[in-house]
Amino acid sequence: MFKFEKVILKDLYESSNGLQSFSFYSKYKIEPDKIFLFIEKYSKKGILIYENNKLELTKEGRILILKQYFSLKSNSTKFAGIPEEFLAPKIEINSPYLPSIENLSNEILKN
Amino acid sequence: MSYKKEDYHKIVGLYAKQNWLLKKKDKLTELIDFCESTEHKDLVISLLERFHYLTDDTLGYLLNEITDYIINKSGFTLETTQIMAIAYDDEADSSQKILDLIKIPLFENGWKTVKTVNRFGACNKSFKEGKTQIIMIDEFIGSGKTLRGRIKQLKNDINGEFEFKCCFIAGIKEAVESIEKEGIEIFCPLTMNKGISGFYKNPELFKMENLMLGLELKLAQKINAKDLYEFSFGYGGAQALYSLDGCRGNTPNSVFPIFWWLQDSNQRQRNTLLTRYETGF
């Protein structure tokens, strides 16, 4: 996905009634051929509809963007760049785990 | 280029109808810039929306249609038929291109020994060898002016009984009907109306013709030996919206010159939307 596509999808997600294609030219200087290819790509996927020069996300498109946008956002920020000394082999969810007693705080061992 | 809201929306709509323009973005921009007023732009965009820009697949389909006509519908036989390109002089010509392309589907469909003639003047020799049924072949019929000249010449050159029929890939409907009215059998699988007079009606028609004349006034009136006057609204006033440009073909001179004329009125070179190889340019 190109950067300008993410920007358009985000703007469309935040608009309630869709946006005119020209608004992406006035705001980001996106040329007619690029906006056409964008419309063609995402219309085919059922993510948006283009009518009367206006782009609007479909219900399915809105759900998909919500999922993908937040997943992209979290991947690229929160867990990116964890220092190496804190990385350890991953364990499966719900698998038994025995903590090392030396690493536990004394507070936990009271009572 | 800076776009106005209206123009931007029209160009996006144009790309939706004519995908091939995406590969000619800069040329399209130059053509749109060439138009001074919104009315000029609207006319050019309307012409482009109705343009027949052939792909290889479409060309293949049309060649198959002509093949079917020659073999199954013309009434001519393999033994007595010659298929002749209507090229007159020794310059390369699109009629020869079509002749060369048609020989393959003819071969594939059983006419393995069909006689092809790649120059108009050579048909008399084949006639004397018994090829008395002549198929004259070319790419595009715009006004019928060239075809009428060739038929006259053919009747003059051949001494004896012969039959002839004509095949074209595409052509202007008006020209095809006019030739048919003269009693000449013509097969043309893709016909189209004239770009302006076949689409608009008065009083709009008069206005659109004036707009096109206005655009042509912005072109060089002469390039070397070629006068624009001769090609105004396309050769013979054909007003064609057609090109084989997408199949490595030449754009016919029947097409509006604003799409292929190489210089503007200040003798500046234009980056034209279509390419026409024109002798003498």
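Numbered from 1 within each chain, the chains take letters A, B, ... in sequence-line order.
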Let me confirm one number: the [atom1]-[atom2] distance from [X] to [Y], rounded to the nearest 0.5 Å.
X	Y	atom1	atom2	answer
A:Asp33	B:Lys24	CG	NZ	15.0 Å
B:Glu6	A:Phe22	CD	CZ	10.5 Å
A:Asn53	B:Lys10	CG	NZ	10.5 Å

Pairwise side-chain contact, B:Tyr3 with A:Glu31, heavy-atom cut-off 4.5 Å (strictly under):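 Touching, per the 4.5 Å side-chain cut-off.
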Given that the side chain runs from C-beta out, which part of B:Lys5 has a heavy atom under 4.5 Å from chain A: side chain, backbone, both or neither?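 Both parts, heavy atoms under 4.5 Å.
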Got a sec: does the [atom1] of [X] have more than 12 other heavy atoms crowding it under 6.0 Å?
X	atom1	result
A:Asn52	CG	no
A:Glu51	CD	no
A:Glu92	CD	no
B:Glu174	CD	no
B:Lys17	NZ	no
A:Phe2	CZ	no

For B:Asn19 against A:Phe36, the heavy-atom pair lying closest together: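 So the minimum-distance heavy-atom pair works out to ND2-CZ, 3.8 Å.
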So which part of A:Glu40 gets closer than 4.5 Å to some heavy atom of chain B, the side chain, the backbone, both or neither?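 It is the side chain, since no backbone atom gets that close.
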